[in-house]
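Here is the structure we will look at.
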Protein chains: 2
Amino acid sequence: MSINPNISNLRHEILGVSVSLFAEAGYSGVSMRDIAKSVGVTPAALYYHFPDKQTLYVETVRFALDRNENQIEKALATDGTPEERFMRFIKGYILLIHDDPDFRRLVQREILDTNAERQELLFQTALKKEYCSLIEIVSQIAPSVNAHVMAVTVITSVLYHFEMAPIKRMASAQLEEPLPITIAEHLGQILLYGLKGNEGQNTNENSQTET
Amino acid sequence: MSINPNISNLRHEILGVSVSLFAEAGYSGVSMRDIAKSVGVTPAALYYHFPDKQTLYVETVRFALDRNENQIEKALATDGTPEERFMRFIKGYILLIHDDPDFRRLVQREILDTNAERQELLFQTALKKEYCSLIEIVSQIAPSVNAHVMAVTVITSVLYHFEMAPIKRMASAQLEEPLPITIAEHLGQILLYGLKGNEGQNTNENSQTET
DNA sequence: GTCTATATATGGATAGAC
DNA sequence: GTCTATCCATATATAGAC
């Protein structure tokens, strides 16, 4: 949405290439020379568009967030029943996270990052909305469930699901990876039943199955 | 503890320091100088114990895995009902992942890593056992649930839960972080009910089960 | 086994030509 | 706006003294 046609093409090309490279190797795993080479310019050209590597990196993260903003908005739409919103969130995010692996990995790297300032940027601009929406939805569906644990469970489940694909293949060699929408439906059902099952028994002093 | 007293103390000290540093900043974010400085020796001393940085890194990952082997074995014990095993897995892993944040972050970095060889090492020595155990347990509890989706959901939920702590704090400022055992109980209930709720869908007669 | 000293490569960043 | 050329800090790794 915020793409201004007046702004140089090279700037956008740099950002697009940077998303891939930083997603693949992380901030310190990519040099300005790597980026310049991938774009097909000299390192000096990068410094015309960005004052330093740190700034280029932050702009890269913003760029990756921006290009998924529409999808994110759709997944967070507030119409429908809480159950519908819950499933829409999971489907929307699984698709988003599946379709843009560079975005997914960049977000995962940012979460691992210890730079407080950059983490603040990511959490404020990306994850906070999702988290608060989930808290709201979950509280409506099942007030007695710990909404924080549930929200975190949903976010981690969608955000990291596809990173486990290699394990699936190793455990059952000729397993064909299901379509993302199929995964979303299974995941949504599991988590939705998890919510409702807990709601069934509100007072849990001995909350586990009898042994 | 599998620490062999015959092996040099410095080697172990290097590995211990390396776990922290690599967990914090990743492979390319840590230099041999950084490690040497943290240990209190010169870089040359590192090269007496390890041929190069790559090898030191791989040994560091092994070291971090080894020091948690006992806990992992306990969490994977095969006695008890499937439901008991399921809860034991979640409790054991949440505790392990909570108590050794360096191990947790190192594993997360390895999962993000694109080096196929190193990923194979991690998946074979650490994650495969967990994954296969979960597939087995889940199939016993709820044969009609997609066991792969469920196993991946459980692993991602425990492995990444604590990385979302900053978000929790941002969303509700004075929220006190609950004890790991409390988190494990909530998470276990949600996921166990998710399993059973889905199972109820097909064969609707067992609301109360085994002894 | 650990140090000093150093070879050699690669990193971020800038000046000035065009 | 992009390039050539280069500065300078930092990186991995090794040789040889002790």
Side-chain angles (χ1 to χ4, degrees), chain A residues 3-63 106 109-110 112-115 117-118 121, chain B residues 3-63 106 109-110 113-115 117-118:
Chain A
I3 292 175
N4 183 339
N6 295 334
I7 294 180
S8 103
N9 282 334
L10 183 58
R11 188 189 152 91
H12 281 107
E13 208 187 327
I14 293 170
L15 289 171
V17 164
S18 295
V19 171
S20 294
L21 293 179
F22 283 130
E24 190 79 359
Y27 178 78
S28 50
V30 178
S31 68
M32 295 299 268
R33 286 174 159 90
D34 293 333
I35 297 169
K37 198 174 171 184
S38 282
V39 175
V41 295
T42 62
L46 305 181
Y47 285 95
Y48 175 80
H49 295 279
F50 304 93
D52 54 30
K53 188 185 174 186
Q54 278 277 347
T55 305
L56 169 54
Y57 182 77
V58 172
E59 293 292 305
T60 298
V61 174
R62 271 191 228 275
F63 180 80
L106 207 56
R109 288 194 184 279
E110 282 301 286
L112 258 173
D113 208 309
T114 47
N115 181 316
E117 203 177 329
R118 286 212 300 269
L121 164 70
Chain B
I3 291 172
N4 182 341
N6 294 333
I7 295 180
S8 108
N9 282 334
L10 183 57
R11 188 188 153 90
H12 281 107
E13 208 186 327
I14 293 170
L15 288 172
V17 164
S18 295
V19 171
S20 294
L21 293 180
F22 283 131
E24 191 79 359
Y27 178 78
S28 50
V30 179
S31 69
M32 296 297 268
R33 283 161 199 238
D34 293 333
I35 297 169
K37 198 174 172 185
S38 281
V39 175
V41 295
T42 61
L46 304 182
Y47 285 94
Y48 175 81
H49 295 281
F50 305 92
D52 53 30
K53 188 186 175 185
Q54 277 278 347
T55 306
L56 169 55
Y57 182 77
V58 172
E59 294 293 303
T60 299
V61 174
R62 271 191 227 275
F63 180 80
L106 207 55
R109 289 193 183 279
E110 282 300 287
D113 209 308
T114 48
N115 181 316
E117 203 176 330
R118 285 212 301 268

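What you are looking at is a predicted structure, and each value in this text was computed from that prediction instead of being measured. Letters A, B, ... mirror the listed sequences (proteins, then strands); counts begin at 1.
- Comparing A:Val41 and B:Tyr27 against DNA chain D, the residue whose closest nucleotide sits nearer the 5' end is A:Val41.
- In this structure, the CZ atom of A:Phe50 is 18 Å from the C1' atom of C:dT14, given to the nearest Å.
- When the P atom of C:dG1 is taken as reference, atom CD1 of B:Ile14 falls 12 Å away, rounded to whole Å.
- When distances are taken from the side chain of B:Ala44 to each of C:dC3, D:dG1, D:dT12, the shortest belongs to C:dC3.
- Side-chain nitrogen and oxygen atoms of B:Tyr48 include none within less than 4.0 Å of the OP1 or OP2 phosphate oxygen of C:dT2.
- When side chains are defined from C-beta on, A:Ser31 counts as touching A:Asp34, because their heavy atoms get closer than 4.5 Å.
- Spacing between atom NE2 of A:His49 and atom C1' of D:dT2 amounts to 8 Å, rounded to whole angstrom units.
- Contact between the side-chain N/O atoms of B:Thr42 and the OP1/OP2 oxygens of C:dT2 is not found at any separation under 4.0 Å.
- Side-chain atoms of B:Asp52 lie closest to D:dA13 of the nucleotides D:dT4, C:dG1, D:dA13.
- Comparing D:dA13, C:dG12, D:dA11 against the side chain of A:Lys53 picks out C:dG12 as the nearest.
- Closest to the side chain of B:Tyr47, from the set C:dT14, D:dT14, D:dT2, is D:dT14.
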**OP:** Dot-bracket notation for DNA chain D is requested: 5' to 3', Watson-Crick or G-U wobble pairs only, both distances under 3.5 Å, with ( ), [ ], | and . as defined.
**Re:** ||||||||||.|||||||

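- Between A:Gln54 atom CD and C:dA13 atom C1' the separation is 14 Å, expressed in whole Å.
- As rounded to whole Å, 13 Å separates atom P of D:dA11 from atom CG of B:Leu46.
- No donor-acceptor distance shorter than 3.5 angstrom exists from the side chain of A:Lys53 to the backbone of A:Ser28, with no hydrogens or angles considered.
- Looking at heavy atoms from C-beta onward, A:Tyr27 lies out of side-chain contact with A:Asn115 at the 4.5 angstrom threshold.
- No side-chain heavy atom of A:Val58 sits less than 4.5 Å from a side-chain heavy atom of A:Phe50.
- Taking only side-chain atoms of A:Ala45, from C-beta outward, the nucleotide of D:dT2, D:dA11, D:dT14 with the closest atom is D:dT2.
- Aromatic ring orientation, B:Phe63 versus B:His12: tilted (interplanar angle from 30° to 60°).
- Looking at B:Arg33, its side chain has no donor and acceptor atom pair within 3.5 Å of the base of D:dT10.
- At least one donor-acceptor pair closer than 3.5 Å links the side chain of B:Arg109 to the backbone N or O of B:Glu24.
- Residue A:Asp34 is the one, among A:Pro51 and A:Asp34, whose nearest nucleotide of DNA chain C lies closer to the 5' end (criterion: closest heavy atom).
- At the heavy-atom level, A:Val39 lies nowhere under 4.0 Å from the strands shown.
- Using modelled atom types, no side-chain atom of B:Arg118 and backbone atom of B:Glu110 make a donor-acceptor pair closer than 3.5 Å.
- In this structure, CD1 of A:Ile35 is placed 15 Å from C1' of C:dT10, rounded to the nearest angstrom.
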